[in-house]
Visitor: 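Structure in structure tokens, see below.
In this text, all values refer to a predicted model and were calculated from it rather than measured experimentally.
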There are 2 protein chains.
Amino acid sequence: MSSTETAKPSRREQILTAAAELFARHGFHGVGIDDIGAAVGISGPALYRHFRSKDAMLGEMLTSISERLLDGGQARVDAAADAASALHSLVRWHVDFALEDPALITVQMRNLANLTDPDRRRVRTLQRRYVEVWVETIRRTVPSADEPTARAAAHAVFGLINSTPHSAHLDRDQMASLLSRMALASLTAADLAPLTA
Amino acid sequence: MSSTETAKPSRREQILTAAAELFARHGFHGVGIDDIGAAVGISGPALYRHFRSKDAMLGEMLTSISERLLDGGQARVDAAADAASALHSLVRWHVDFALEDPALITVQMRNLANLTDPDRRRVRTLQRRYVEVWVETIRRTVPSADEPTARAAAHAVFGLINSTPHSAHLDRDQMASLLSRMALASLTAADLAPLTA
DNA sequence: ACGGCAGGTTAGCAGGCGTTCACATAGCGC
DNA sequence: GCGCTATGTGAACGCCTGCTAACCTGCCGT
């Protein structure tokens, strides 16, 4: 009874974390099964005691991150009093997530193409739903934006926030503050759909 | 004398373009030499008449894009009358570039790690200089931003603009307008460095 | 007319990769 | 104590991939 629940996440989670780091740095195909093993102190084929295949690791990792992102985002929006604060906490949620786990965010951005077909379908569905949460929230705060514009703006903001890993120049709090402010400011400019700049 | 210069860019450029498209979609390691050949109508090893290796293709492609980005950006800044219009045309330059060649931008964002060591050094140097152009321009327009903040903001804006390939919901002009406005708006929020949001 | 070269072809090799196999061993319920 | 299960190991296998080799061919300058 000393540690019935805290001790469980050991190996599997450990492997996933290490693999995420490696995938983020070298790309899925740039990382060997032996590299992942070495990163957690075991060697090579031992990983197959925990995962069915290398693809399964990526699949599980991307599925879980997409689910967490969607659930957390939805929860923040549901809990918000008004549209403006919904958008605010949605931004804050994504920023915190990206700063908390830069490797995972990077993998999700870059390695969708390396998923197995069924895995890719599942992840894309989750991502689409997450985007939908954003689109709705954006349109509630910036009513003059039509739907395609809001969608494009959402993707652009994801790009802005997810660019985190490439610049560690600031400490976490400053970075979070900067990214949040930039994201929100950029979204307020997402109105006036047509007309050249 | 009929076509001494316009006819040359044929094969080499053609291959590079096709390879960029494939690398962007499947990742460097996810694309075979045969795939690239097939994409330009020749088959497999014929590519070695034009490039020394697969790495050399990526190297040349990333070096050239980094040079074009830097030169174009520098030129826009030099030609600008004041700081504000310098930033404006810098944004416009990058946006146009990203919309013109989404595949190249994607490859540059994602496949730095797959470069050969010497190639990576050269590309990183070029990228650093490009970032420097942005940092200086940002600091001239937003004087209250310190240098690390300006640098982080520049990276964030790159992320915002380069997210283009993932969303083709809008036509080119609308997309260019939207991204430009979002980028500029986000940069105006890059002041007030510290203090939590 | 012709020799050479730019550019293409197919066959084959060597290395690396994901995966499996046969085997070891440590903890643990009976 | 004993066997079962969970976990790890090193060797081996088969495939796939980048690259080279040997050979072909049409164009272009002289």
Visitor: Looking at the side chain of A:Tyr48, which of D:dG18, D:dA21, C:dT19 is the nearest nucleotide?
Guide: C:dT19
Visitor: Indicate whether OP1 or OP2 belonging to D:dG8 is found under 4.0 Å from a side-chain N or O atom of A:His50.
Guide: yes
Visitor: Select one nucleotide: of C:dT19, D:dT9, D:dC19, the one nearest the side-chain heavy atoms of B:Lys54.
Guide: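 Closest nucleotide to the B:Lys54 side chain: D:dC19.
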Visitor: Salt bridge check, A:Asp117 against A:Arg122: does any charged N sit closer than 4.0 Å to a carboxylate O?
Guide: no
Visitor: Give the rounded distance in Å between these two atoms: CZ of B:Arg49 and P of D:dA22.
Guide: 12 Å
Visitor: Atom CG of A:Asp34 to atom P of D:dT9: distance rounded to whole Å?
Guide: 11 Å
Visitor: Can you check the B:Asp55 CG to D:dC19 C1' distance for me, whole Å?
Guide: 11 Å
Visitor: Mind checking A:Val40 for me? I need base, sugar-phosphate or nothing, with any heavy atom below 4.0 Å counting as a touch.
Guide: nothing
Visitor: Assess the pair B:His26 and A:Phe28: is the distance between their ring centroids shorter than 6.0 Å?
Guide: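 Between A:Phe28 and B:His26, which both carry aromatic rings, the centre distance is not below 6.0 Å.
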Visitor: Rounded to the nearest Å, what distance is computed from the CZ atom of residue B:Arg52 to the C1' atom of nucleotide D:dT20?
Guide: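 B:Arg52 atom CZ is separated from D:dT20 atom C1' by 15 Å.
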Visitor: Would you indicate what A:Ile33 reaches in the nucleic acid, counting non-hydrogen atoms under 4.0 angstrom: base, sugar-phosphate, or nothing?
Guide: base
Visitor: For the pair made of CG in B:Asp35 and P in D:dC19, what is the distance, rounded to whole Å?
Guide: 14 Å
Visitor: Given atom CD of B:Gln14 and atom P of C:dG7, what is their separation to the nearest angstrom?
Guide: 12 Å
Visitor: Grab the CZ-C1' distance between B:Arg11 and D:dC27 for me, whole Å please.
Guide: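 Nearest whole value for this atom pair: 16 Å.
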Visitor: Figure out the CG/P separation between B:Leu47 and C:dG7, and round it to whole Å.
Guide: 13 Å
Visitor: May I ask you to test the A:Met182-B:Val157 pair for a side-chain heavy-atom distance under 4.5 Å?
Guide: yes
Visitor: Between B:His29 and B:Phe23, does a ring-ring contact (aromatic ring centres under 6.0 Å, His included) hold up when you go through it step by step?
Guide: CA-CA 8 Å; B:His29 291 293; B:Phe23 289 166; 9.5 Å; no
